[in-house]
Amino acid sequence: MDVLNQVKTIVKQAITEAVTAAGIIDAAQMPEITLEVPKDKAHGDFATNVAMQLTRIAKQNPRQIAEQIIANLQKEKAYIASADIAGPGFINFKMNKVYLYPLIAEVAEQGSRYGAINVGQGLKVQVEFVSANPTGSLHLGHARGAAVGDALCNVLDLAGYDVSREYYINDAGNQVLNLAKSIEARYLQALGQDAEMPEDGYFGEDIKGFAAELAADKGDSLLSLSEEERRSYFRTYGLEKELDKIKRDLGRFGVQFDHWFSETSIYEDNLIPGVLQELRDNGHVYEEDGATWLNTTPLGDDKNRVLIKNDGSFTYLTPDIAYHRNKFERGYDRLINIWGADHHGYIPRMKAAMTALGFEADRLVVLIAQMVSLFQNGEKVKMSKRTGKAVTMEDLMDEVGVDPIRYFFTMRSMDSHLDFDMDLAVSQSNENPVFYVQYAHARICSIYRQAAEQGIEILPLEQVDLSRLTAEAEFDLLRKIGELPEEVAVAAEQYAPHRLIRYVYELASQFHSYYKGHYVITDDAALTQARLALLGALRTTLANVLRVVGVSAPERM
RNA sequence: GUCCCAGUAGCUCAGCAGGAUAGAGCAUACGCCUUCUAAGCGUACGGUCGGGGGUUCGAAUCCCUCCUGGGACGCCA
């Protein structure tokens, strides 16, 4: 258990003992004690509302109860310096700050794993995200999914889950035929022929590029193939090109998937008949109007869904059900899908399908990332699918760099529509929070460099007198550092990686303020060592959180 | 019409398994570089938490209802 939780446990124990010693209630009636860090520092290091919770059981008013608890509190052994009643009946604890010092050693020992907390207990979780169709370049929405998904995976990993990242490649449906037709049309155009783009074609610049390459490499030789052969050629060629591009973009973005799962493999491995049979056996399938339906309405969906169209082909849903069953069969305890807001209506039918297959619906968690709007020069940038005019993820990385994108896209709650301000992201000014946090890290590194230049040797922690850290700002920093494991736990449980951006920003802010008011390198050698030790823990903490959200931690700026 | 998300300071957003005087950044105004990076620090200004009901010791947070904005409602993927 981490240092802060140990202390909290001790304080809770002391409270429980005080309550029973005062004879307020029996130990058996004792509610779960919540000990929180008050928002307002004036309210002490910890606060509890236990006196208010006991009001009903003890039939006394909360302030009376609080008084009795305080009177019976064994303070010393729980590091409590003072306990006071406040407001409607809160008990505020001021702690003897020595409880904070062991944090520095804890961070040093855990290093890049500091912040880890085992709430996941090795539960096998698979996170499927991005999964953009291989029919065009990744755009802003995909970038958001990638940033949030990867950060979430890192958070879950730190929280003790066994995490696997997966990308589902939709390489089997109609859209791939459209891709082939689109490339064909662009190829013909590149050869100077008149060719119309298909109705549902893909108009992206990437496809023009691929077609132009082909025209340059192969000349008009592909024209001699039959239409079928040619389509097949364009299909394979297009998929390979698009997938390459996607992998390249995501790699550059710092996202590595463990599995790339191909929809085509579902057909190759013949997974669908078994799934259909199972759904039939479970009594969820019926025939109507020449089609085969899944009866999802009794399972929470608002209408039933077609599995096999009356032309004999599958809908998108059918292989997707097979895919999700396959995921469970691979042994994952929980599946997390991150989808764009435009797919939200798809959730009930997939959950219904899982229920129909006998899986608990709760084991499938679908997170929705809301839309992204791009602003440039103060105006919303219009995107058009029809003309292929869209800012791609690649464009964005070229223009603003990976760090600001990852920071900005992770910064907001997934539920929130996100306005991405290009001008702010590229600005190297105090308006830009990415640099603010990175700068804190760089500043600490700079202090270490400075110390080295002055010939100051960093002593091993055992030889450092941490009790020299007595400034309020130093206690604040330590407390904040100590909160990381709890932050990680909450971020993991709520699937809310944006909380860590908040956290790291606040930590950086506390440091900048401290930096202004306190010199680390002073004539007092022991104090210098103590402060360097504190900064060491701080630097590790900043770097760890930045790594979780996929932002670099530069040593100088 | 049904479903989902959002509505909190001038702007962008946190806070929402109920807790103390609702926070942050930006913007605005005014200060701070003679020792470790001013990509920094500090002070001030700024609010009917969309409206209205309810639940209770206590509601931005939970419930109901209405309004506004966005998205989804295919035998497309």
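In what follows, chains carry the letters A, B, and so on, assigned in the order in which the sequence lines appear, proteins first and then strands, with residues in each chain numbered from 1.
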Should the pair A:Glu474-A:Arg531 be classified as a salt bridge under the 4.0 Å nitrogen-to-oxygen rule?
->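 So A:Glu474 pairs with A:Arg531 through a salt bridge.
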
Are A:Lys181 and A:Asp200 ion-paired here, with the side-chain N under 4.0 Å from a carboxylate O?
->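 Salt bridge: no.
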
Enumerate the residue pairs fulfilling side-chain hydrogen bond (donor to acceptor under 3.5 Å, both in side chains) with a member in residues 336-347 of chain A, sequence neighbours excluded, ordered by first and then second residue.
->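 Pairs touching residues 336-347 of chain A that pass the test: A:Asp320-A:Tyr346, A:His324-A:Asn337, A:Lys327-A:Asn337.
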
Please determine, by modelled atom types, if A:Asn49 and A:Thr34 share a side-chain donor-acceptor pair under 3.5 angstrom.
->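 A donor-acceptor contact under 3.5 Å links the two side chains.
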
Modelled atom types, side-chain donor and acceptor of A:His512 and A:Arg443, under 3.5 Å |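 A:Arg443 and A:His512 do have a side-chain donor-acceptor pair below 3.5 Å.
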
Please give the distance between the [atom1] atoms of [N] and [M] as a whole number of Å.
N: B:rG1; M: B:rC57; atom1: C1'; value: 42 Å
N: B:rA24; M: B:rG71; atom1: P; value: 33 Å
N: B:rU61; M: B:rG19; atom1: C1'; value: 11 Å
N: B:rC62; M: B:rU68; atom1: P; value: 23 Å
N: B:rC66; M: B:rC75; atom1: P; value: 30 Å
N: B:rG18; M: B:rA59; atom1: P; value: 14 Å
N: B:rG7; M: B:rC11; atom1: P; value: 14 Å
N: B:rU21; M: B:rA60; atom1: P; value: 11 Å

Does any residue of residues 314-327 of chain A have a heavy atom under 4.0 Å from RNA chain B, and if so, which ones, in number order?
->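 Result for residues 314-327 of chain A: A:Thr315, A:Tyr316, sorted by number.
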
Looking at residues at least two apart in the chain, or sitting in another chain, which of them share a side-chain hydrogen bond (donor to acceptor under 3.5 Å, both in side chains) with A:Gln454?
->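 A:Gln454 satisfies side-chain hydrogen bond (donor to acceptor under 3.5 Å, both in side chains) with no residue once adjacent residues are dropped.
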
For A:Thr48, what residues pass the side-chain hydrogen bond (donor to acceptor under 3.5 Å, both in side chains) criterion, not counting sequence neighbours?
->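 Checked A:Thr48 against side-chain hydrogen bond (donor to acceptor under 3.5 Å, both in side chains); zero matches.
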
Glycosidic conformation of B:rC73, taking syn as within 90° of 0 and anti otherwise |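 Classified anti.
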
Using the glycosidic torsion, which applies to B:rA6: syn (within 90° of 0) or anti (everything else)?
->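 Base orientation relative to the sugar is anti.
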
Please tabulate, one pair per line, each protein N/O and nucleotide N/O from nucleotides 20-24 of chain B that are separated by under 3.5 Å, including the distance.
unit_1: B:rA20; atom_1: OP2; unit_2: A:Lys39; atom_2: NZ; d: 3.3
unit_1: B:rA20; atom_1: N6; unit_2: A:Asn92; atom_2: OD1; d: 3.0
unit_1: B:rA20; atom_1: N1; unit_2: A:Asn92; atom_2: OD1; d: 2.9
unit_1: B:rA20; atom_1: N1; unit_2: A:Asn92; atom_2: ND2; d: 3.1
unit_1: B:rG23; atom_1: N2; unit_2: A:Arg502; atom_2: NH2; d: 3.3

Could you pull out all residues at least two apart from [X] that satisfy salt bridge (Lys or Arg N to Asp or Glu O under 4.0 Å)?
X: A:Glu486; answer: none
X: A:Arg144; answer: none
X: A:Glu184; answer: A:Arg230, A:Arg231
X: A:Asp301; answer: A:Arg305

With both pairing distances under 3.5 angstrom for Watson-Crick or G-U wobble, and | for a partner in another strand, the correct string for RNA chain B is (((((((..((((.....[...)))).(((((.......))))).....(((((..]....))))))))))))....

OP1 or OP2 of [N] sitting under 4.0 Å from any side-chain N/O of [X]?
X: A:Tyr346; N: B:rG71; value: no
X: A:Asn174; N: B:rA77; value: yes
X: A:Lys303; N: B:rC3; value: no

Quick one: are A:Leu276 and A:Val285 in side-chain contact, heavy atoms under 4.5 Å?
->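 No; the side chains remain at least 4.5 Å from each other.
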
Can you figure out which of B:rC75, B:rC36, B:rA77 approaches the side chain of A:Gln175 most closely?
->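 Within the option list, the nearest is B:rA77.
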
Of all the nucleotides listed (B:rA77, B:rG71, B:rC41), which has the minimum atom distance to the side chain of A:Asn133?
->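 The answer is B:rA77.
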
Sub-3.5 Å pairs of nitrogen or oxygen atoms, protein against nucleotides 5-12 of chain B:
unit_1: B:rC5; atom_1: O2'; unit_2: A:Asp415; atom_2: O; d: 2.6
unit_1: B:rU12; atom_1: O2'; unit_2: A:Arg412; atom_2: NH2; d: 2.9

Donor-acceptor pair under 3.5 Å, A:Asn310 side chain vs B:rC75 base =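 Per atom types, the contact qualifies.
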
RNA chain B: 5'-proximal contact among A:Lys516 and A:Tyr519 (nearest heavy atom) |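 Upstream on the strand: A:Tyr519.
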
Take A:His344 and A:Ala291, find for each the nucleotide of RNA chain B with the closest heavy atom, and name the residue whose nucleotide sits nearer the 5' end.
->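 Comparing both residues, the 5'-ward one is A:His344.
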
Which atom pair, heavy atoms only, marks the closest approach of A:Ala83 to A:Ile70?
->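 Looks like O-CD1, 3.8 Å.
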
Hey, does A:His343 reach any base, or is it just sugar-phosphate, or nothing, if we go heavy atoms under 4.0 Å?
->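 Base contact.
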
Across the strands shown, which category fits A:His441 at heavy-atom distances under 4.0 angstrom: base, sugar-phosphate, nothing?
->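 Nothing, no heavy atom under 4.0 Å.
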
OH of A:Tyr514 versus P of B:rC41: gap in Å, rounded?
->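 Taking atom P of B:rC41 as the reference, OH of A:Tyr514 is at 16 Å.
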
Quick one: A:Met52 CE to B:rC57 P, roughly how many Å, whole number?
->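 In whole Å, B:rC57 P lies 12 Å from A:Met52 CE.
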
Drop me the distance from A:Tyr202's OH to A:Ile183's CD1, to the nearest 0.5 angstrom.
->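 So the OH of A:Tyr202 and the CD1 of A:Ile183 are separated by 11.0 Å.
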
Go through the structure and list residues passing side chain to side chain contact (heavy atoms under 4.5 Å, CB included) with A:Glu288, not counting sequence neighbours.
->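 Testing A:Glu288 for side chain to side chain contact (heavy atoms under 4.5 Å, CB included), a comparison that skips the adjacent residues, returns A:Tyr286, A:Trp293.
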
